[in-house]
Protein chains: 2
Amino acid sequence: MPVSADQGHEPVITILHSDDRPKHLDGPNVRFVTDETLTAALPGTEVLLVWDFTSTAVRDAWPAADSLRWVHTASAGVDRLTFPALLGSDVVLTNSRGVFDVPMAEYVTGLVIAMAKDLAGTLDAQSRREWRHRESERVGGRTAVVVGSGPIGRATATMLSAVGMTVELVGRRAGEGVHAIDALPGLLPRAEWLVLAAPLTDSTRGMLDAAAIRLLPPRARVVNVGRGALIVQDDLVAALRDGHLAGAALDVFEREPLPADSPLWDLPGVIVSPHMSGDILGWRDELEALFVANLDRFRVGEPLENVVDKTLGFVTSGELASPPTRTGSAR
Amino acid sequence: MPVSADQGHEPVITILHSDDRPKHLDGPNVRFVTDETLTAALPGTEVLLVWDFTSTAVRDAWPAADSLRWVHTASAGVDRLTFPALLGSDVVLTNSRGVFDVPMAEYVTGLVIAMAKDLAGTLDAQSRREWRHRESERVGGRTAVVVGSGPIGRATATMLSAVGMTVELVGRRAGEGVHAIDALPGLLPRAEWLVLAAPLTDSTRGMLDAAAIRLLPPRARVVNVGRGALIVQDDLVAALRDGHLAGAALDVFEREPLPADSPLWDLPGVIVSPHMSGDILGWRDELEALFVANLDRFRVGEPLENVVDKTLGFVTSGELASPPTRTGSAR
C-alpha cells in the first residue's frame, strides 16, 4: 500500500529552505525551517521538503525524525540524502526528476558548441576590442559519450544527436540504445566529448580518474553536469595542465560554491559555472508544482511519483514507482 | 553553351589573395596577386579566383579585364563583386555555396543557446572567481525567425528546430516551408530571436532598421551572420542601449575589421565575433577543392556549379545552374 497521510488528517510538512522558499505552500501544518532549526522542527514532521537541496543538515538532524514518512528533494540528484540511516528506514524518498532534463540538455549542447567555436576566446578578444579571426571546430560528426541514462542523460544524448554528433549513451545496465557501464573503457578512446550526467553513487564516485582520462583521445573535452565527485579533481587538473584534455565545462563540484582558491577557476579551456545548468527561469515554480502534485497523491493514498530506489540511489523508471509499505514511524 | 576554356588551351588563372593563399594551385598559367598587383595581372586573365574575399579591389581593377570569362569567390556572399560593370558583363560569377552551411548553422545554434544561458555572464564571473548563480532561459519553445532561405538559412533553421525552437524561415519568395519577405513585418512581433542569414542585395540592405526593430517583441535578440549592412547599425545600437533588444550576436559588420572605436564592442548583451561563423578548421582546403572541381568543369566545357544569378545577387538553386553563353571577352 502506498505511503499516505492518515485519512482525514492533514500531514505536518516541514520545509527546509535557505534564502528562497516556496511561494504557495503555507498553512497551519507547514513549518518553515533552515539548517539551524531543522532538528527542533523534525519531531512530529511527517513530510520533509528539502527545498534547499544543497543542505546537508538532514543527516545530522535525522535522529529527531520520529514521524517522518516521506522526504522530497527539489533536485534530481539525491546523494546528499542517501545516508545510511535514511536508506535503512522506511521513509520514502522522492526527487524532482523531469524538471531539469531538457534545460540541461540545452545547456550541454550550447556549451559543447560554444567550446567548439571558442566563444570564450571571442569574448576575450572582444573585451580588448581586438578583431582576432580564428578557425573553429565542427560539432557535426564528432563523437560524444554521454554517461547517465536517466532523463537528463537521455535528453542530452538526443539533443547532441540532433545537432549532428555521433552519440554513445552509457548507463548502469545495457538497454535499447544504451551501453552498460562496463563498455565505457572501450568507448572512451572515441570520446572527443565526454559528458557526465550520472547520479553520484558508490559505483560512479570518482569514475573519471587518471586511468579513465588516459583512455580519452588527445584534446578531448569533458562536460560535467552530474555531480562534482564523479571526477577525481586532481586528475582532471593534471590532464588539463599537461594538455591531454583541451578543456572542460564544469557545472558541479565536490565543494559548492567552488572555493575561490580552486585551481579550476583559471585553467586554460575550462568553463566554471555555478551549478545552474538546469535552473531556468520559472524552475522554482515547476519544482513547487511537482511537490504539490505528489503531496496531493500522498493525501489520498495514491502512489508517489519519482520514488528513489534507495538501493540504487536514483529513480529507476519514468513510470509510477511503487513506494515501500506505509509505516507509522520514520525511525 | 557553358563557359569553358578554349579547347586544348590551359586557361590563365589569376588568384587574388592576401596573407593566405591556396596550397595546391600552381603552374605556369597561374598568377598570384594582391590588391596592389591585380590591375597589372588582369590583362590576359581568363579566370579570376577571389581567394581574399574581403578584397574590394576587383571593382577598381575591372577596366583591365580584357579576357575574363569567370570570377569565383571563396565566400558565400558576392556583394563585393556585384558592381555594375561585372553585372553588365558576360563574365560568369560563382561562389562557394555549400562550404559554410552547416558550420554556420552550428555557430548560430551555439550562440543562441549560449546567450539564453548567459555564458558571457558565467565567464565574466569566472574571471573574478565569483560563484554567481543565475536562472537562465530555455530555447525550446521559443520562436526564431530566420531571414535567408539559401543553404545557410535553411541549415540554420533546421538546426534551431532540432534543439526545440519554433522556426519561421523567410526568403525572397514564398515556397514550401518558406515565407515571402513581405510576410516579415507580420512575423517580427513573434521573433524572440531574429537570425539574419540573407545575402546583401539592394532589397535586403538596411532591412533591420528602427521600424523593423520596433516590431520585435521587447527583449528580443538578433543574430547576424549574413552581412553587416543588412542592419542599420545606429538603429541597432539605439535599441540595445534603450533595452528594447536584450542582445545581439554580430559576426559581420559594414566595416571589417570592426573599427576599435565602434560602440558595438562593449554594448551590454552584444557578442562581437570576427566574421568567423563559417570558418572551420580545414575550410580553406574545402574552398580550394570546390574551386578546383569547378575549374575541371570549366576546362572540359561542363556547366559550372554555384553560378550566381547576377540579377538577384545569389545562386538560385542547389541544382547545376546554367551559366550564360560562352563569350570570348570579359568587357
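Computed from a prediction, not measured in an experiment: that's the story for all the values here.
Ionic pairing of A:Arg129 and B:Asp266 is present here: one or more N-O contacts between side-chain nitrogen and carboxylate oxygen are shorter than 4.0 angstrom.
For the set B:Asp124, B:Ile271, B:Val102, the count of heavy-atom pairs under 4.5 angstrom toward chain A peaks at B:Ile271. In terms of heavy-atom pairs under 4.5 Å with chain B, the best-connected choice from A:Val139, A:Leu123, A:Val270 is A:Val139.
Contact of B:Ser161 with chain A is not made at all, since no heavy-atom distance falls under 4.5 Å. Using a 4.5 Å cut-off between heavy atoms, A:Ser127 does not touch chain B at all.
With no hydrogens or angles considered, a side-chain donor-acceptor pair links B:Glu135 and A:Trp283 at under 3.5 Å.
Here the closest heavy-atom approach between residue B:Val163 and residue A:Val163 is recorded as CG1-CG1, 3.7 Å. Nearest approach of A:Ala114 to B:Leu119, heavy atoms of both residues: CB-CD2, 3.6 Å. For the residue pair B:Lys117 and A:Pro103, the shortest heavy atom distance occurs at NZ-O, 3.7 Å. When all heavy atoms are compared, the tightest approach of A:His133 to B:Asp279 is NE2-OD2, 2.5 Å. Between A:Leu264 and B:Gln126, the closest heavy-atom pair is O-NE2, 4.3 Å. In terms of heavy atoms, B:Val272 sits closest to A:Thr122 at O-CG2, 3.3 Å.
At distances below 3.5 Å, not a single donor-acceptor pair connects side-chain atoms of A:Glu106 with backbone N or O atoms of B:Ala116. Between the side chain of B:Glu130 and the backbone N or O of A:Ala260 there is no donor-acceptor pair closer than 3.5 Å.
The local environment of CZ in A:Arg128 is crowded, with over 12 non-hydrogen atoms from other residues, nucleotides or ligands closer than 6.0 Å.
Between A:Leu281 and B:Arg138 the shortest side-chain heavy-atom distance does not fall below 4.5 Å.
Atoms OG and CZ, from B:Ser273 and A:Arg134 in turn, are 8.5 Å apart once rounded to the nearest 0.5 Å. Within the model, atoms OH of A:Tyr107 and OG of B:Ser136 stand 7.5 Å from one another, a figure rounded to the nearest 0.5 Å. To the nearest 0.5 angstrom, A:His275 atom NE2 is 7.5 Å from B:Trp131 atom CH2.
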